[in-house]
Amino acid sequence: MSTILVTGGTGTLGTLVVTRLRDAGHEVRVLSRHAKDYPVDLRDGSGLDAAMAGAEVVVHCASDTRRAGKGDDVATGHLIEAARRAGTVTNIVYISIVGVDLVPLGYYRMKYTVERLLEGSGPGVTILRTTQFHDLVAMVVDAMAKVPAPLPVLLPKGVRVQPIAVEEVADRLAELATPVPAGRVPDMGGPEIRTLVELGRAYLAATGRRRRVVAVPLAGKAYGGFVRGGHLTPGHAVGKRTFADFLAERGRPGRA
C-alpha cells in the first residue's frame, strides 16, 4: 500500500477519492489549511514539506474555482517543488478538463497551464481529462434560474454537454493513484451528449420548477469553442450514469 496525498481532499471530488483510497488500504493525507494533521497552504507552500515526507503519490484535485483558477499555477508550482525536495514522489495525478487546449475560456487556459507545468516537473505525472460533472450542469441551471418568474431562464444556444458522474471520475482517479505514472491517459466522458437547454428543462422539471427556458446566442471566442464542441469527447463516452439517473438519484429520500 502507498502513502498518498490528496489536495482538495475536502471538495466534491476529493472527498470521494479519499474514501476510495482509504477503503483500498492506503495511507491518505488530506491537505487543507485547517487540517489537524497536515495543515498546508498551497498558496505559499507552507506545511508542504512535512505533509510530503515519505509520500509516493499525489492526487491533485485542488483548484480555486471561485476565482476561475487564479493562482492554481502558483499552488501547483509549490506542490512540484515540495515533491522534488521529498525525493519519494513518483506520480502526481492531476484532474483536468476535456478541451482545455481547444476552448479559450480563462479557467480552461489555467488548467492547461497546470498540465504543462506538471509535464515538465520532474516527478512522474498522470493527467486525466474529463467532461463536466452532472452537478455542474445543475449548478449552472440553478444560477440562471434565480431570476424571478415569469421571466424565462436563459441558457446558451447551441451548447452541448456530455456530463459524467463525479463518482465514476473518483473511481478512475483512485485506480490511477499508483506509484507508476501513466502520462496523459484517455479522456473520460459521460454516456450521452445533450444540449444544455434540454438538460436545463429536465433539471427544472425534476426539481418542481415550471419555468420557461429560452436558448440565447452569445458572443466571444469561448462561446464559439463550446458551440464547436471542443469540450466534448464522443469517442470516449465511457461513463455509465446518465443525467436522468443523476436526477432520479437526487430525488430519492435523504438526498440533497
Side-chain angles (χ1 to χ4, degrees), residues 2-9 11 13-14 17 21 26 28-29 31 40-45 48-49 51-65 67-133 162 164 169-189 221-222 225 230-233 235-236 238:
S2 302
T3 298
I4 302 176
L5 270 64
V6 180
T7 73
L13 174 62
V17 173
L21 292 173
H26 298 290
V28 181
R29 300 172 184 174
L31 305 193
V40 169
D41 191 338
L42 288 175
R43 296 173 300 183
D44 61 12
L48 267 175
D49 286 337
M52 197 75 71
E56 299 170 88
V57 180
V58 176
V59 181
H60 190 20
C61 298
S63 179
D64 193 343
T65 56
R67 299 195 304 158
K70 184 177 181 180
D72 281 6
D73 51 347
V74 174
T76 301
H78 292 145
L79 193 70
I80 291 169
E81 291 166 4
R84 288 172 177 163
R85 288 193 296 270
T88 55
V89 176
T90 57
N91 188 15
I92 300 178
V93 183
Y94 181 58
I95 178 67
S96 190
I97 306 171
V98 171
V100 292
D101 53 343
L102 298 174
V103 179
L105 184 71
Y107 184 56
Y108 279 33
R109 285 172 169 165
M110 178 56 75
K111 296 290 282 188
Y112 189 43
T113 295
V114 171
E115 283 188 11
R116 288 178 291 175
L117 280 173
L118 289 167
E119 287 170 339
S121 65
V125 64
T126 300
I127 296 173
L128 172 66
R129 292 182 183 177
T130 76
T131 52
Q132 292 75 26
F133 300 155
Q162 189 181 354
I164 191 168
V169 175
D171 289 340
R172 181 63 173 140
L173 283 177
E175 289 176 359
L176 294 170
T178 71
V180 181
R184 167 89 185 276
V185 298
D187 294 344
M188 189 174 184
K221 293 181 180 179
H231 61 302
L232 306 175
T233 181
H236 295 95
V238 297

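- Here the shortest heavy-atom pairing between A177 and L21 reads CB-CD2, 3.9 Å.
- Between atom NE2 of residue H236 and atom CG of residue D187 there is a gap of 6.0 Å, rounded to the nearest 0.5 Å.
- Taking the side chain as every heavy atom from C-beta outward, L5 and T7 never approach each other to under 4.5 Å.
- Interatomic distance, CD of Q132 versus CD1 of I164, reported as 10.5 Å (0.5 Å rounding).
- Of all non-hydrogen atoms in S121 and L118, the two that sit nearest each other are OG-O, 2.7 Å.
- Here the straight-line distance linking atom CD1 of I127 with atom NZ of K111 works out to 10.0 Å at 0.5 Å rounding.
- Proximity of a side-chain donor or acceptor of D72 to a complementary backbone N or O of S63 within less than 3.5 Å is not detected.
- Counting only heavy atoms from C-beta outward, the side chains of R29 and T3 approach each other to under 4.5 Å.
- H26 places a side-chain N or O within 3.5 Å of a backbone atom of S2 that can act as its donor or acceptor partner.
- When side chains are defined from C-beta on, V100 does not count as touching M110, because their heavy atoms never get closer than 4.5 Å.
- Judged by distance alone, the side chain of T88 and the main-chain N or O of A55 form a donor-acceptor pair under 3.5 Å.
- The OH atom of Y112 sits 15.0 Å away from the CG atom of D73 when rounded to the nearest 0.5 Å.
- Residues T126 and P181 have side chains in contact (heavy-atom distance under 4.5 Å, counting atoms from C-beta outward).
- By the salt bridge (charged side-chain N to carboxylate O under 4.0 Å, His left out) test, E175 pairs with R172, sequence neighbours left out.
- Residues V98 and T131 approach most closely at CG2-N, 3.9 Å, considering heavy atoms.
- In this structure, the separation between CG on L13 and CG on L173 is 5.5 Å, given to the nearest 0.5 Å.
- A heavy-atom distance below 4.5 Å is not found between the side chains of K70 and D64.
- Not one N or O on the side chain of T233 forms a donor-acceptor pair closer than 3.5 Å with the backbone of G189.
- Side-chain contact between Y94 and L128 is absent, with no heavy atoms from C-beta onward closer than 4.5 Å.
- In this structure, CZ on R67 lies 11.0 Å from OG1 on T65, to the nearest 0.5 angstrom.
- Side chains of R85 and M52 form no contact here, defined as non-hydrogen atoms less than 4.5 Å apart.
- Residues V17 and V169 have side chains not in contact (no heavy-atom distance under 4.5 Å, counting atoms from C-beta outward).
- The backbone N or O of R184 sits nowhere less than 3.5 Å from a side-chain atom of R129 that would complete a donor-acceptor pair.
- Looking at every heavy atom in both residues, P123 comes nearest to V89 through CB-O, 4.0 Å.
- For D41, the salt bridge (charged side-chain N to carboxylate O under 4.0 Å, His left out) partners at least two apart in sequence or on another chain are R43.
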